[in-house]
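Encoded as structure tokens, the structure appears first; notes follow it.
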Amino acid sequence: MAIDDLENKRPRQADESGTHVYFPDQPDWNYWKQREGCRLWCAVLLSMNIEPSVASREALRVGDPDKYQHYKKRLKIVNATCRPGSVIPPIEHPLSGSKPSERWVLVSDVLKFGIAANWPDIYIFDRGLTNGSVESGEALEIGTENTVEDFVFDDLPKGERYSILRFGALLKLVETWMLNDSFPNKAAFLNGDQLNYSAIGREMQRILSKKDKDGKLQPLANFLAQSNGKKASDAIKAVQTS
């Protein structure tokens with residue numbers, strides 16, 4: 001696998017104006033699981049779930065400037081850490097370059113550093129190197145600091161917004177139960193030795209409601225009790241069959 005392969009830079013998608021937008025490749029984790037070392041800048045790209053090539057780095061710079069700045073920040077930190085006797089010591093290799101970012105390091109050392117630094121996306125890096133693969137759903141929004149300030153709920157896809165709202169309603173329900181030993185009508189949420197999904201759905205509807213101009217609670221659109229109950233039932237079935 002060529003690290004500096006500019007031939008891989010190709011348009012992945014055209015936006016509405018017809019301008020080509022470039023997207024970096026995801027790593028071949030099965031390959032990187034078997035390879036111990038690489039240049040430092042390559043290891044940093046790997047830590048962001050990006051295939052380490054000049055092509056991918058350029059695609060990141062052009063296609064996602066914010067994430068590219070995150071890459072540069074992480075690279076600067078790792079560069080400053082990489083020295084003999086540190087947690088990321090440079091290793092001798094005939095392909096090491098003269099620039100600090102071209103020193104060779106063990107990929108596993110960068111992973112350990114990322115875990116210690118609590119990088120928000122580190123589990124993807126860990127999963128890829130351990131299993132040689134990453135599930136597609138795990139690879140979303142990798143390489144960004146997902147702080148509360150950065151989280152824009154309305155920018156998420158509709159289905160994901162709905163799932164988050166329903167999950168939040170269930171958490172509020174659990175929170176109420178945990179904080180109130182005398183929570184009324186617990187039996188109403190059970191149907192024998194299983195959950196009563198209809199009752200759960202109605203309670204989720206109550207939580208996902210807002211007051212109208214007359215002060216009455218009105219369920220938010222798409223979150224009626226029957227639909228909530230069906231989603232809760234589907235979620236349980238998914239867990240039981242996974």
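All of these numbers come straight from a predicted model, not from anything done at the bench.
- Screening I77, V78, I50 against V44 for a side chain to side chain contact (heavy atoms under 4.5 Å, CB included) leaves a single residue, V78.
- The two residues L45 and P52 come nearest to each other via the heavy atoms CD1-CA, 3.9 Å.
- In this structure, the separation between CD on E51 and SG on C42 is 9.0 Å, given to the nearest 0.5 Å.
- Side-chain atoms of L40 and P100, non-hydrogen and from C-beta on, never get closer than 4.5 Å to each other.
- At least one side-chain heavy atom of Y71 sits less than 4.5 Å from a side-chain heavy atom of R57.
- Under a 3.5 Å cut-off, the side chain of Q34 and the backbone N or O of N30 do form a donor-acceptor pair.
- Note on ring orientation: taking the six-membered ring where Trp is involved, the planes of F113 and W119 are perpendicular (angle over 60°, cut-offs 30° and 60°).
- Taking OH from Y197 and CE from M204, the interatomic distance works out to 12.0 Å, rounded to the nearest 0.5 Å.
- The line from CD1 of I91 to CZ of R103 is 12.0 Å long, rounded to the nearest 0.5 Å.
- Taking 4.5 Å as the limit, every side-chain heavy atom of M48 sits out of range of all side-chain heavy atoms of F125.
- What you find for P90 and V105 is that their closest heavy atoms are CA-CG1, 4.4 Å.
- Nearest approach of W29 to I124, heavy atoms of both residues: CZ2-O, 4.4 Å.
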Legend entry - CA sep, side-chain torsions, deciding dist, call: L60, K67, side-chain contact (heavy atoms from CB on, under 4.5 Å): CA-CA 7 Å; L60 182 67; K67 189 175 290 187; 3.7 Å; yes
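- Contact check for K112 versus V87: no side-chain heavy atoms found under the 4.5 Å cut-off.
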Inset, instruction - Give the C-alpha distance, both sets of side-chain angles, the deciding distance and a yes or no for side-chain contact (heavy atoms from CB on, under 4.5 Å) between V107 and R35. - result: CA-CA 8 Å; V107 178; R35 177 169 170 168; over 6 Å; no
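- For the atom pair CG of L46 and CG of D28, the computed distance is 10.5 Å after rounding to the nearest 0.5 Å.
- Under the 3.5 Å distance criterion, the side-chain polar atoms of K33 are matched with a main-chain donor or acceptor of T130.
- Sparse packing is recorded around CD of E36, with 12 or fewer heavy atoms of other residues, nucleotides or ligands lying under 6.0 Å away.
- Between the side chain of S101 and the backbone N or O of W41, no donor-acceptor pair lies under 3.5 Å.
- Here the side chains of H70 and D66 are not in contact, with every heavy-atom distance at 4.5 Å or above.
- Between the S86 side chain and the R83 main chain, a donor and an acceptor come within less than 3.5 Å of each other.
- Using a 4.5 Å cut-off on side-chain heavy atoms (C-beta onward), L95 and W104 make contact.
- For the atom pair CD1 of I122 and OG of S47, the computed distance is 6.5 Å after rounding to the nearest 0.5 Å.
- Going from atom CD of Q205 over to atom CZ of R202 covers 9.0 Å, rounded to the nearest 0.5 Å.
- Between L170 and I200, some side-chain heavy-atom pair lies under the 4.5 Å cut-off.
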